[in-house]
Amino acid sequence: MSAHPLHKLLRAEALPTAFCPGCGNGLVAGALLRALIKAGLDFQKSVFVTGIGCAAWIPSPHFRADSLHVAHGRAIPTALGIKLRRPELHVMVIGGDGDLAGIGGNHLLHAARRNADLLVIMVNNFVYAMTGGQVGPTTPQNLPTPTTPYGNPEYPMDVAGVVAAAGANYVARWTTAHLAQLEKSLLKALALDGFRFVEVVSQCPARVAGRLSMAPAEALRWFQKHSKPVGQAGPEEIAVGDYVERNRPGLLQTLGKAEHG
Ligand SMILES: Cc1ncc(C[n+]2csc(CCOP(=O)(O)OP(=O)(O)O)c2C)c(N)n1
Ligand SMILES: [Mg+2]
């Protein structure tokens, strides 16, 4: 194991990861760890909360920090409970599109409305990957999945757009082909209070079917080619960049907890 600063934040005994070869989760983990190092965040005062799914395995068991792995979809209310009781901790949630926008969608919406002081990172691989690639709230229309073999008849949700409209202080979307921008975005998010949401569109070389089933390198090129800045992306493109950045008082401040610690 080299002495690279990233390695100090990783549990050597948990490596190599259980992620499939070419999975985007390692790229997201790397960008987050680099942002945490640059932000100078104290890992001893950081808590990572996840639900269930492949993306939910990013912090636990890999990060050398406190982490909670809770019921599918329930990471946000658990994280909020921790933050309200221990406001001095940096509380972060990492999860998949199914976990955060599907079964946990209502928690996401209301945590954003409350401007709860949490950083939430959603890895959007378009499907419920861990359970076999079933259709979910972000699956593109017409994409075949094991549960929609003739193509998804539904419209996908623009999760970043919904969270911005619900009231979050900061919302951005990037892809695994935009790691430098993602890192900057996470740094910005780490410096703000209130609800911060960063969506990362990511490849799943194992479970995504149809036109999006590509070799990892091809998927990254596809993301690059089909990404446009927010406000300029067409229906078949990925809108990337900041959706919103504002500085409304977060929930802790509105509850009067900030001064009392
Ligand atoms: C209450 C409950 N319902 C369903 C499941 C089964 N389940 C486990 S992971 C998962 C989907 C995960 O999808 P996503 O959050 O997008 O993460 P990914 O695996 O794609 O990274 C589901 C439905 C469960 N564990 N618990
Ligand atoms: Mg998913």
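Note that ligands are numbered from 1 as they come in the structure, with each ligand's atoms numbered from 1 the same way.
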Applying a 4.0 Å heavy-atom criterion (strictly less than), which segment of Asn125 is in contact with ligand 1: side chain, backbone, both, or neither?
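The part of Asn125 near ligand 1 is the side chain, not the backbone.
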Side chain, backbone, both or neither: the part of Val127 lying under 4.0 Å from ligand 1 by heavy atom:
backbone
Rounded to the nearest 0.5 Å, what separation is found between the CD1 atom of Ile37 and the CZ atom of Phe43?
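So the CD1 of Ile37 and the CZ of Phe43 are separated by 8.0 Å.
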Evaluating non-hydrogen atoms only, which member of Gly96, Gly104, Gly133, Cys204 is closest to atom 17 (O) of ligand 1?
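Among Gly96, Gly104, Gly133, Cys204, the closest heavy atom to atom 17 (O) of ligand 1 comes from Gly96.
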Could you check which of Cys54, Ala56, Gly98 puts a non-hydrogen atom nearest to atom 18 (P) of ligand 1?
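Result: the heavy atom closest to atom 18 (P) of ligand 1 is in Cys54.
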Using side-chain hydrogen bond (donor to acceptor under 3.5 Å, both in side chains) as the criterion, point out the one residue from Arg114, His107, Arg113 that pairs with His110.
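Exactly one pass, corresponding to Arg113.
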Taking [atom] as the reference point, the nearest protein heavy atom with its distance:
{"atom": "atom 15 (O) of ligand 1", "result": "Asp99 N, 2.7 Å"}
{"atom": "atom 25 (N) of ligand 1", "result": "Ile52 CG2, 3.8 Å"}
{"atom": "atom 21 (O) of ligand 1", "result": "Ala55 N, 2.9 Å"}
{"atom": "atom 7 (N) of ligand 1", "result": "Thr131 CG2, 3.4 Å"}
{"atom": "atom 11 (C) of ligand 1", "result": "Tyr128 CD2, 3.4 Å"}
{"atom": "atom 1 (C) of ligand 1", "result": "Ile103 CD1, 3.9 Å"}
{"atom": "atom 4 (C) of ligand 1", "result": "His72 CD2, 3.6 Å"}

Kindly indicate whether the side chain of Met214, heavy atoms from C-beta on, has any atom under 4.5 Å from the side chain of Leu212.
yes
Consider ligand 1: state whether an atom of it lies below 4.0 angstrom from any non-hydrogen atom of Asp97.
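Contact present.
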For Gly53, the ligand 1 atoms whose distance to one of its heavy atoms is below 4.0 Å:
9 (S), 12 (C), 17 (O), 19 (O)
Heavy-atom closest pair (Leu252 atom, Pro87 atom, distance to 0.1 Å) is CD1-CB, 3.8 Å
The Mg ion (ligand 2) contact by Val127, N, O or S atom under 2.8 Å
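Yes - counting backbone and side chain alike, Val127 has an N, O or S atom under 2.8 Å.
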What does the angle at the Mg ion (ligand 2) come to, between atom OD1 of Asp97 and atom OD1 of Asn125, rounded to 10°?
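Taking the Mg ion (ligand 2) as the apex, I get 80° for this pair.
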Exam field: side chain Asn169 to backbone Phe195, donor-acceptor pair closer than 3.5 Å:
no
Nitrogen or oxygen atoms of Leu100 and ligand 1 under 3.5 Å apart:
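No, there is no polar N/O contact under 3.5 Å.
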